[in-house]
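The structure under discussion appears below in the form of structure tokens.
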Protein chains: 2
Amino acid sequence: MQDIADRLGISRGTVSLVLSGKAKEGRIGDELQNRVKELARELNYIPNEIARSLSTGVTKTIGVIVPDISNEFFGKMIFFIQEQAKYHGYAVITINTNECLKDFDEAVTILMNKQVDGIILVPVEGGNEIVKKIMSRKIPLVLIDRFYEDIDTTYIVTDNYDASSRAIELILNEGYKRNAVICYDINLFALTERKKGCIDVLKKHGVYDERLIKNIHYDNQEIEIEKAITDLKNEPDKVEAIFFCTRRIFLTGVKYMHQQGIHIPGDMRVICFDEVDAFSFANIPVTYIKQPIQQIGEKAIEALFDQIRGSDQAEHIVLNSEIKFSL
Amino acid sequence: MQDIADRLGISRGTVSLVLSGKAKEGRIGDELQNRVKELARELNYIPNEIARSLSTGVTKTIGVIVPDISNEFFGKMIFFIQEQAKYHGYAVITINTNECLKDFDEAVTILMNKQVDGIILVPVEGGNEIVKKIMSRKIPLVLIDRFYEDIDTTYIVTDNYDASSRAIELILNEGYKRNAVICYDINLFALTERKKGCIDVLKKHGVYDERLIKNIHYDNQEIEIEKAITDLKNEPDKVEAIFFCTRRIFLTGVKYMHQQGIHIPGDMRVICFDEVDAFSFANIPVTYIKQPIQQIGEKAIEALFDQIRGSDQAEHIVLNSEIKFSL
DNA sequence: TCTTTTCGCTTAACCGGTTTAGCACGAATT
DNA sequence: AATTCGTGCTAAACCGGTTAAGCGAAAAGA
């Protein structure tokens, strides 16, 4: 900018006004405007957004924190968030937490240091205080997929209880009575609701058996999922269906079932929370819950921009899922 | 910082020296250091990285440009890149191109505006000039997955020709003679190599039939893939196997084959370039090519940091893939 | 005792933009 | 002729850090 100003014998401020499209308000003559623009093009001038950000206090960047971007579910969600953000002229910094509190804390710190204009995040178990820290800084914030019951934030979630109970209900109606549930033992509303949705329906139908509810430690999941399945297989009173509370548990579980020669649906019926891209090419009958990923992403951006524009009331958006069948 | 300085009756520079860990070089007394640090903690001081970036010329941020982050392959790649970047104290901005040149150009512009310290990108067809633009700015750059033959950049790729020819060779040895290939008509080295690898082997074995090579327009892929499969199904001389050049073509294709009642492997054997997470739960026999995604990501970061540290020689890294079978 | 070092901290320029107040000058108004 | 107004541009402060040069006082050396 200084270079352009010098060459044209004008001031830096004038160049700035022209190049930032404020020539009208700055009352810069048309002829000079053209000369500035042309020279900028000739010199391949690239504006320094860092300087602009420092000056304006706006970075045109939002941060997104997810457990695992390589997970299809979050990958898709981020895709939609990015597309929307791009449309609004915002860039996106994504960070993975691996469901780990320490990583979550670091991620938030990084984003605050980078002065992002807003944060969309999937909260991690026990991250309540960290989320409060963000709020105390008045940084626009939207939680997605999950939320903390004790903090009044804006969130976009799906009704996990409703989806799970409808799915189990469907399975019961198909005649499968002894149904198991495999879930992480993470104390997050979204997950506990999935479990609760199943359990309540099973109880209602009088077919609930506590022993068929398996809780998995996230950090040792592969082994524990396999053990859970072995246990279920060896149940004296035959288990007829398994409800997998997440996509990842499902994939690990079904892979193991194949290895063990457990036939689907002959030996066991399966239900998966979340859709897997590849359902379409597998010829396994899976009842699954399809969350409206695109909608979640778009609503999240919408709610975030509401806040960036100044709104300060928390929005609570609960979306519904579809129960689908893979074949 | 000014606030801390005022409260302690010292200068801003001193606070900066302490908080940026340069107290030793700045010869700041131990006692004062402690007071500064403590007050910073008390006040919940958060450093403004934007200001630091402007001052130092380093943003501790890298940009990553991929065709589609929701694609499992790129999703995983980005995951590994992010983990490595995080380890080195760098944040990552990702942008999708959707294989579109305009989006690619915009993505590069955004990243340059944001003054990223380096860029890792999956090039898009025809983006040669855009890549040259980056190089002319001396911004550290690594291409992954693909590269332009006419530009001497650092790149990390796998040997697509080798992988494809080995996979086809395997299929031929299993006795499948009339083999088709479905690929995008995109003129990118990585893709043309895959096609070439197949064709050369088929020719070598004297079973090449030009009509079995199907080229798909990216923008209209679903319909064209379905048409290609219908054509192959109606071939008078029965087609025995299909080589799908990308994961996405594979998923679309196999889904359609199911709909059409084409049985795998009874009616048709399938080969997929790239692994799909869900192979493990599908009981379809798929011969597939597994690229070393983690290695690509890690090598990319490594090569990028070599450049950030000052190296200016282009590294060309070609990795090998595994041929695997899903069952 | 006088000079040289070392120590502890400050001063102020700088990074590259944005933005407000204001100056100079000609045209319009009174 | 004096005043007001509009136009076109500049000057300079500001955003929040970093950092080289420098300064006074105390310690070490001659």
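Each chain gets a letter, A, B and so on, in the order the sequences are listed, and its residues count up from 1.
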Could you tell me the separation between the [atom1] atom of [X] and the [atom2] atom of [N], rounded to a whole number of Å?
X        : N      : atom1 : atom2 : answer
B:Lys60  : D:dT18 : NZ    : P     : 13 Å
B:Glu25  : D:dG22 : CD    : P     : 19 Å
B:Ile28  : C:dT6  : CD1   : P     : 18 Å
A:Lys114 : D:dG17 : NZ    : P     : 14 Å
B:Met1   : D:dC15 : CE    : P     : 15 Å
A:Ile4   : D:dT10 : CD1   : P     : 14 Å
B:Leu54  : C:dT18 : CG    : C1'   : 12 Å
A:Leu19  : C:dT18 : CG    : C1'   : 13 Å

Mind checking whether B:Phe147 and B:Tyr155 have parallel, tilted or perpendicular rings, split at 30° and 60°?
parallel
Please tabulate, one pair per line, each protein N/O and nucleotide N/O from nucleotides 19-29 of chain C that are separated by under 3.5 Å, including the distance.
from, atom 1, to, atom 2, distance (Å)
C:dT19, OP2, A:Lys22, NZ, 3.2

Just to verify, what does B:Arg52 make a side chain to side chain donor-acceptor pair (under 3.5 Å) with, not counting sequence neighbours?
none
Main-chain N/O of A:Thr153 paired to A:His316 side chain as donor or acceptor, under 3.5 Å
yes
Any donor-acceptor N/O pair, A:Asn48 side chain to A:Ile50 backbone, under 3.5 Å
yes
Under the rule for side-chain contact (heavy atoms from CB on, under 4.5 Å), what residues qualify as partners of B:Pro123, not counting sequence neighbours?
B:Leu121, B:Leu143, B:Arg146, B:Tyr148
Residues B:Glu83, B:Lys86; criterion salt bridge (Lys or Arg N to Asp or Glu O under 4.0 Å); working and verdict
CA-CA 5 Å; B:Glu83 290 299 296; B:Lys86 194 203 289 182; 3.7 Å; yes
Going by heavy atoms closer than 4.0 Å, what residues in residues 32-50 of chain B are next to DNA chain C?
B:Leu32
With nearest nucleotide decided by heavy atoms, which residue, B:Ala51 or B:Asp30, maps closer to the 5′ end of DNA chain C?
B:Asp30
Given the options B:Asp145, B:Ile296, B:Val318, B:Ile317, B:Val157 meets side chain to side chain contact (heavy atoms under 4.5 Å, CB included) only with B:Val318
Taking salt bridge (Lys or Arg N to Asp or Glu O under 4.0 Å) as the cut-off, I'd like each qualifying pair that reaches into residues 293-306 of chain A, sequence neighbours left out, listed once.
A:Asp306-A:Arg309
If a pair satisfies side-chain hydrogen bond (donor to acceptor under 3.5 Å, both in side chains) and one of its residues is in residues 111-126 of chain A, list it, with sequence neighbours excluded.
A:Thr59-A:Asp117, A:Lys114-B:Glu49, A:Lys114-B:Thr61
Once you apply a heavy-atom cut-off of 4.0 Å, does B:Gly26 come out as touching a base, just sugar-phosphate, or nothing?
base
